[in-house]
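In what follows, a single structure is set out as structure tokens and then discussed.
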Amino acid sequence: MPRAFFARPVLEVAHDLLGCVVCAGPVSVRLTEVEAYQGLDDPASHAFRGPTPRTQVMFGPPGFLYVYFTYGMHWCANLVCGPNGTASAVLLRAGEVIAGHEVARQRRPAARVDRDLARGPARLAGVLGLTGTDSGADLCVRGGPLSVMAGSTVDSAAVRNGPRVGIRVATERPWRFWLDGEPTVSTFRPGVLRKRTNAQTGRSKLK
DNA sequence: AGGACGATTAACT
DNA sequence: GTTAATCGTCCTC
């Protein structure tokens, strides 16, 4: 896709990414579920507290890949969107593998059925073979680790949206988008609430 | 320098 | 339905 596709408001891009096809080597995935993160205006975004070495790519121009490591074992992939500097991105949450099944199964041996190959953000990044070394890659040049292409037309009436999965803040923002009835869409799960500790509140010691 | 937590998954009961 | 795995990142002191 041209950079102008990613340069639009992130909610618009998230909606339009459904049905698009992402390709990494021989593996192609048709996107069925994504989430929008609106940078500095979104407490749930990694970019909310300003740029860090990890999130620097989000603060650059749209059309680049942001890959992060989480839970000590998983990679997740985002596409940087919106006007330059807004630090917005779309998390690729799930999709249907439509080509390269053999390589996809090698990359994700734990998947028991093909439906599970790219069901969930870490599985999707895994099936695409993306890791931290791919973060910062340009999506709009040939030969990169990931390319995004238009898929078959999606009926806008099939697009649903609702709260994002697994987050503890900004839970009221309905910025998760998915295709109704797709078996690869992950089930909703609220963020796990944990008790705040003294160290986190910064109030452990008396003043 | 120390510690809490995570845009999750797989393997359990 | 529950929970362990596992470590980079970032906040706090």
Side-chain angles (χ1 to χ4, degrees), chain A residues 10-11 13-14 17-18 22 31-59 64-82 86-95 97 104-105 107-136 161-178 184-207:
Chain A
V10 66
L11 297 182
V13 182
L17 276 170
L18 294 174
V22 289
L31 296 175
T32 58
E33 180 190 3
V34 299
E35 280 175 357
Y37 286 85
Q38 208 166 126
L40 290 164
D41 299 323
D42 181 1
S45 169
H46 290 168
F48 181 62
R49 294 168 195 273
T52 66
R54 178 178 66 144
T55 62
Q56 190 175 13
V57 62
M58 297 179 80
F59 288 83
F64 286 77
L65 193 57
Y66 166 53
V67 185
Y68 68 90
F69 186 60
T70 192
Y71 289 99
M73 62 195 96
H74 302 302
W75 298 99
C76 295
N78 298 251
L79 313 182
V80 177
C81 297
T86 58
S88 300
V90 172
L91 170 68
L92 306 181
R93 279 204 60 90
V97 175
R105 290 187 200 107
R107 287 174 175 171
R108 289 218 41 83
R112 299 185 179 241
V113 295
D114 284 358
R115 168 193 182 236
D116 290 339
L117 282 169
R119 188 184 192 214
R123 293 164 173 170
L124 176 49
V127 90
L128 295 171
L130 299 175
T131 68
T133 62
D134 300 304
S135 197
N161 69 287
R164 293 171 290 184
V165 173
I167 58 171
R168 307 182 318 172
V169 295
T171 53
E172 76 288 354
R173 304 190 187 189
W175 291 349
R176 176 186 183 225
F177 298 84
W178 68 92
T184 51
V185 174
S186 43
T187 54
F188 179 75
R189 166 176 47 80
V192 179
L193 290 170
R194 297 196 196 190
K195 199 161 53 174
R196 286 205 131 202
T197 64
N198 290 332
Q200 289 289 308
T201 63
R203 279 181 231 143
S204 63
K205 307 277 161 53
L206 305 177
K207 293 234 172 125

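In what follows, chains carry the letters A, B, and so on, assigned in the order in which the sequence lines appear, proteins first and then strands, with residues in each chain numbered from 1.
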Sugar-phosphate, base or nothing in reach of A/A122, heavy atoms under 4.0 Å: sugar-phosphate
Whole angstrom value for the distance that separates C1' of B/dG6 from OH of A/Y37: 11 Å
Residue A/V165, side-chain heavy atoms: nucleotide from C/dC10, B/dT8, B/dT9 that is nearest: B/dT8
Parallel, tilted or perpendicular, as decided by the 30° and 60° cut-offs, for the rings of A/Y66 and A/H46: perpendicular
Residue-phosphate contact under 4.0 Å: A/H46 side-chain N/O, B/dA7 OP1/OP2: yes
Distance, rounded to the nearest Å, where A/D116 contributes CG and B/dA10 contributes P: 8 Å
Closest nucleotide among B/dT9, B/dG6, C/dT9 to the A/R54 side chain: C/dT9
Bracket string, DNA chain C, 5' to 3' - pairs by Watson-Crick or G-U geometry under 3.5 Å, | interstrand: |||||.||||||.
Interatomic distance where CZ belongs to A/R112 and C1' belongs to B/dT9 [whole Å]: 13 Å
All salt bridge (Lys or Arg N to Asp or Glu O under 4.0 Å) counterparts of A/E35, not counting sequence neighbours: A/R93
d(CE, A/M58; P, C/dC10) in whole Å: 12 Å
From B/dA10, B/dC5, B/dT8, nucleotide with atom closest to A/R168 side chain: B/dC5
Closest non-hydrogen atom pair, A/R176 against A/V165: NE-CG2, 3.4 Å
Between P of B/dG6 and CZ of A/R49, the distance in whole Å: 12 Å
Residue list, side-chain hydrogen bond (donor to acceptor under 3.5 Å, both in side chains) with A/T131, at least two apart or on another chain: A/T133
Nearest-nucleotide comparison on DNA chain B, the residue closer to the 5′ end among A/G120 and A/G72: A/G72
B/dA7 OP1/OP2 closer than 4.0 Å to side-chain N/O of A/R189: no
Nearest listed nucleotide, side chain of A/M73, among C/dA5, B/dA10, B/dA7: C/dA5
Touch class at under 4.0 angstrom, heavy-atom based, for A/R108 against every strand present: sugar-phosphate
A/Y71 ring over B/dG6 six-membered base ring, under 5.5 Å and 30°: yes
Nearest to side-chain heavy atoms of A/T52, which nucleotide of C/dC10, C/dC11, B/dA7: C/dC10
Whole-Å distance separating the CZ atom of A/F48 from the C1' atom of B/dG6: 17 Å
Min side-chain heavy-atom separation A/F177-A/L17 under 4.5 Å: no
d(CH2, A/W75; C1', C/dT6) in whole Å: 13 Å
Listed nucleotide nearest any side-chain atom of A/C76, set B/dA10, C/dC10, B/dT8: B/dT8
A/I167 vs A/W175 side-chain heavy atoms within contact, under 4.5 Å: no
Side chain of A/Y68 (C-beta onward), nearest among B/dA7, B/dA10, C/dA5: B/dA7
Between C1' of B/dA10 and NE2 of A/H74, the distance in whole Å: 8 Å
Salt-bridge contact A/R164-A/D42 (side-chain N to carboxylate O under 4.0 Å): yes
A/T32 vs A/R119 side-chain heavy atoms within contact, under 4.5 Å: no
